[in-house]
Amino acid sequence: MRNRFLNFKKLFVFAVLFSSALVFAQENKPATWIWYPGDFEIWLSNKMQVRRTEREAVFPPLWQYYSPYALVTFQTEVDIPAPDEVKIYSEGSFQLLLDGVQIYGQPKSIKIPAGKHKISFKVYNQEVLPAIYISGQYVKSDASWKVTNEDKLWIDENGKAQQSGTPWVPVGSWNFNAPENKPSGFKLTTKPLSAKKTEKIGSGQLVDFGRETFGYIKIHGLKGKGKLALYYGESREEALDSARCETLDHLSFDGKQPETYTHDGSKAFRYVQVQADAGVKYDSISMLYEYLPLDYRGAFKSSDQELNKIWDVSAYTMHLTSREFFIDGIKRDRWVWSGDAYQSYLMNYYLFFDSASVERTLLALRGKDPVTAHVNIIMDYSLYWFVGVYDYYLHTGDTKFIKTFYPRMKSLMDFCLERRNKNGFLEPLEGDWVFIDWANGLPKTGEVSFEQMLLARSLEAMAVSAEIADKKDDQKQYQKLASDLKTKLFDVFWDKKENVMKHQRIDGKMQDIVTRYANMFGIFFNYFDEEQKQSIKNKVLLNKDVLQITTPYMRFYELEALCAIGEQDYVLKEMKDYWGGMLKEGATSFWEEYNPNKKGKEHLEMYGRPYGKSLCHAWGSSPIYLLGKYYLGVKPTAPGYAEYEIKPNLGGQQWMEGKVPTPNGEVALYVSKSEIKVKASEGEGKLVFESAGKPKASSGTITELAKNKYQLIVKPNVEYKVSYKAL
């Protein structure tokens with residue numbers, strides 16, 4: 001009897017402590033602004049992407065704009081231990097229901113009695129997005145709230161709230177954790193930067209900020225009346241060409257302006273030509289650098305100083321193009337393109353590992369239902385979107401995103417599948433743009449093998465997502481569709497005689513064309529066996545007669561495919577030639593396109609315009625990804641780095657060291673020809689390496705996998721030192 005009493009007493013004490021812990025957690029969790037998921041991202045992308053200008057003319061995006069829901073309903077259920085004085089902040093007018101009873105007016109606070117309650121806010125805002133911030137001791141707006149966009153919550157004749165069939169979903173939020181920090185007021189961070197050099201140009205000045213940058217021009221000691229012109233340039237030539245530079249501003253002053261004037265309109269530039277009327281005087285020009293605060297969690301350094309410079313400039317380029325969203329270029333286009341963004345996601349995982357930026361960009365690109373066109377109106381860009389969601393899950397382990405937005409994944413995939421032809425292949429219909437790459441002479445009509453390969457990968461991503469969303473029938477359907485399409489892809493496009501993937505079939509007739517695209521994607525998608533990979537390497541990737549790639553966009557994938565089959569020595573030379581070539585041309589950030597055969601001003605030309613090329617383009621940053629994944633050799637093999645592989649490859653360097661970020665830590669690595677040091681913060685890793693002799697480790701057990709090939713299991717927070725002899 002005594003034992004039973006003691007056990008009851010222990011259970012009672014545990015229950016009290018557990019209840020106290022819940023109350024403590026409620027009191028200490030932060031309140032945050034909440035909204036309908038995806039609406040903030042859509043609203044912000046609309047606002048941002050319409051800012052593109054060319055010679056003071058607005059240049060809006062080419063695709064459909066979506067809008068936030070103007071009327072949404074937020075709801076939560078609470079059980080609080082004491083009365084709570086709750087403050088209410090809202091972006092929009094609202095109707096408040098407490099336990100189904102309407103609270104009249106627009107109260108700024110409300111007292112909620114102790115006990116269980118259901119709280120609902122119906123919020124209207126047509127100008128920005130409906131959002132609320134609720135702050136009490138126990139009742140706070142946070143990720144636990146639900147929201148719906150369907151107006152199925154109403155007051156009946158008895159004054160009680162009723163609802164029917166309302167689809168409630170988890171709210172959206174980010175880091176707006178103070179009532180004054182409203183979502184509609186979001187701005188990037190700024191800091192002052194001085195010019196590096198100023199020189200007299202005719203009656204004006206040329207101001208040089210030393211490298212590519214982005215921000216607001218600031219004029220100091222400004223006096224007088226008249227006009228002042230700013231001609232921006234990513235290059236000196238562009239800034240000096242006032243008649244043809246891509247961006248400019250004409251300012252007028254009436255003499256009442258402040259002496260320190262900051263122009264309201266951020267731009268990309270390195271150089272700015274300033275020309276002022278005789279009646280306008282100023283002392284100097286500086287700028288406010290505008291940026292998204294991000295931690296450089298990834299790192300790379302090696303015995304090759306040129307490679308170190310390439311990594312540094314790649315990281316800077318990546319940061320410049322990581323803004324409200326991952327954009328393509330900071331001068332042109334300043335838009336969110338799915339193909340560009342997909343590469344930014346991958347580079348982000350090896351530099352910032354900023355999950356929020358990936359989520360924002362995915363949501364901005366997807367928009368809302370109904371789907372009436374491909375993402376960015378480009379067929380391959382819809383498919384990159386699916387693969388981007390899968391890679392996000394693989395790197396972060398986050399299932400909430402997929403569970404919340406699975407309906408939007410499904411509706412977009414339904415749209416893609418409906419556009420297949422009678423053979424089950426994607427073929428461009430009216431309004432579809434098949435991009436693939438900027439390449440002269442690249443055929444894009446009919447059935448293109450590259451598009452079918454991307455669709456197969458997208459269907460595989462949908463199968464994984466359907467499983468996470470607990471949609472078992474969908475999962476089986478997508479698995480079968482992916483398997484059938486891969487079989488058909490090889491039946492139709494694989495040339496068994498030549499052992500390569502053909503590019504295109506038109507009206508049932510195979511075209512005798514081989515390109516790099518499907519061949520290289522099939523390697524890192526692991527769709528080919530080893531014999532096929534070697535054939536593609538020799539007959540396609542290393543074959544100068546096959547259509548060459550000149551954009552960093554597709555060089556990204558070409559070099560990844562070569563790294564995936566162990567050609568790191570070759571790829572290192574290519575990186576040094578290609579990205580090193582841009583550095584030799586004076587690049588301070590990496591370009592949209594680079595052709596080493598061009599000279600002088602030819603490097604600035606594109607789209608038939610003398611300065612049409614973007615000299616800071618996100619897809620130019622791919623060395624970050626290549627060096628992290630294929631030289632340091634770190635990649636997740638289970639979602640969220642629960643398991644991962646470290647397969648270092650010096651690629652001809654004497655030594656290298658670096659860090660690869662993971663969701664809650666990092667993998668730190670040093671590799672020379674005789675020693676490997678590794679320490680990781682989380683997960684279980686497999687260090688795989690080759691050694692000419694039997695290696696030794698300071699901790700753990702080395703396993704021999706094959707001749708000269710070894711493996712060491714890496715546990716969290718243990719520093720391992722391996723002595724080995726490089727082959």
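Positions are given from 1 along the sequence. Values in this document were obtained by computation on a predicted structure and should not be read as measured data.
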Decide yes or no for [X] and [Y]: does some side-chain heavy atom of the first lie under 4.5 Å from some side-chain heavy atom of the second?
X    : Y    : result
I536 : M501 : no
M453 : K486 : no
F352 : R297 : no
V434 : I436 : yes
F450 : N519 : no
M656 : F300 : yes
V387 : S458 : yes
L632 : V671 : no

Distance (rounded to the nearest 0.5 Å) between [X] [atom1] and [Y] [atom2]:
X    : Y    : atom1 : atom2 : value
I378 : L383 : CD1   : CG    : 11.5 Å
H319 : I330 : NE2   : CD1   : 11.5 Å
D577 : E306 : CG    : CD    : 8.0 Å
K635 : Y350 : NZ    : OH    : 8.5 Å
M582 : T317 : CE    : OG1   : 8.5 Å
L562 : R555 : CG    : CZ    : 8.5 Å

Verify the ring-centre separation between [Y] and [X]: is it less than 6.0 angstrom?
X    : Y    : result
Y553 : H617 : no
F528 : W494 : yes
H395 : Y345 : no
W311 : Y631 : no
F425 : F493 : yes

Report, as yes or no, whether the 6.0 Å neighbourhood of atom [atom1] on [X] holds more than 12 heavy atoms from other residues, nucleotides or ligands.
X    : atom1 : value
K301 : NZ    : no
K659 : NZ    : no
K410 : NZ    : yes
N440 : CG    : no
D295 : CG    : no
K471 : NZ    : no

If you measure only the distance, is there a donor-acceptor pair under 3.5 Å linking the side chains of [X] and [Y]?
X    : Y    : value
S357 : R360 : yes
N376 : W337 : no
S614 : D328 : no
Y406 : D474 : yes
K533 : N538 : no
Q532 : N499 : no
Y349 : D391 : no
R457 : Y390 : no
T551 : E593 : no
Q711 : T703 : no
S411 : D369 : yes

Ignoring hydrogens and angles, tell me if any N or O in the side chain of [X] forms a donor-acceptor pair with the backbone of [Y] under 3.5 Å.
X    : Y    : value
Q653 : L650 : yes
E531 : D529 : no
R408 : G367 : yes
E498 : K496 : no
Y720 : K715 : yes
E682 : N664 : yes

From CA spacing to verdict: salt bridge (charged side-chain N to carboxylate O under 4.0 Å, His left out), D512, K502: CA-CA 7 Å; D512 190 21; K502 289 295 183 67; 3.3 Å; yes

Any carboxylate oxygen within less than 4.0 angstrom of a Lys/Arg side-chain nitrogen, looking at [X] and [Y]?
X    : Y    : answer
D484 : K480 : yes
K403 : D470 : no
K709 : E704 : no
R419 : E427 : no
E666 : K679 : no
E567 : K537 : yes

Can Q64 and T372 be said to form a side-chain hydrogen bond (donor to acceptor under 3.5 Å, both in side chains), step by step? CA-CA 9 Å; Q64 178 181 356; T372 57; 3.0 Å; yes

In terms of the angle between their ring planes, are F524 and F521 parallel, tilted or perpendicular, with boundaries placed at 30° and 60°? tilted

Hey, what's the ring geometry for W591 with Y594, parallel, tilted or perpendicular (30° and 60° as the breaks)?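 Ring orientation, 0 to 90° scale: perpendicular.
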
Can you name the one residue among L442, T515, I513 that meets side chain to side chain contact (heavy atoms under 4.5 Å, CB included) with Q504? I513

Name the residue from Y625, Y630, W619 that meets the ring-ring contact (aromatic ring centres under 6.0 Å, His included) definition with F556.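 When Y625, Y630, W619 are each tested with F556, the ring-ring contact (aromatic ring centres under 6.0 Å, His included) holds only for Y625.
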
With respect to Y342, which candidate in Y392, F326, Y384, Y381 satisfies the ring-ring contact (aromatic ring centres under 6.0 Å, His included) definition?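 Answer to the ring-ring contact (aromatic ring centres under 6.0 Å, His included) test with Y342 among Y392, F326, Y384, Y381: Y384.
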
Stepwise salt bridge (charged side-chain N to carboxylate O under 4.0 Å, His left out) test for K472 and E467: CA-CA 6 Å; K472 299 292 172 47; E467 182 179 16; over 6 Å; no

Given D304 and K576, is the salt bridge (charged side-chain N to carboxylate O under 4.0 Å, His left out) satisfied, shown in steps? CA-CA 10 Å; D304 191 315; K576 287 164 64 67; 3.0 Å; yes

Does NZ or CZ of K686 lie under 6.0 Å from the centre of the six-membered ring of Y644, at an angle within 45° of the ring axis?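 Not flagged: K686 not positioned over aromatic ring of Y644.
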
Cation over ring, R366 on F405, under 6.0 Å and within 45°? no

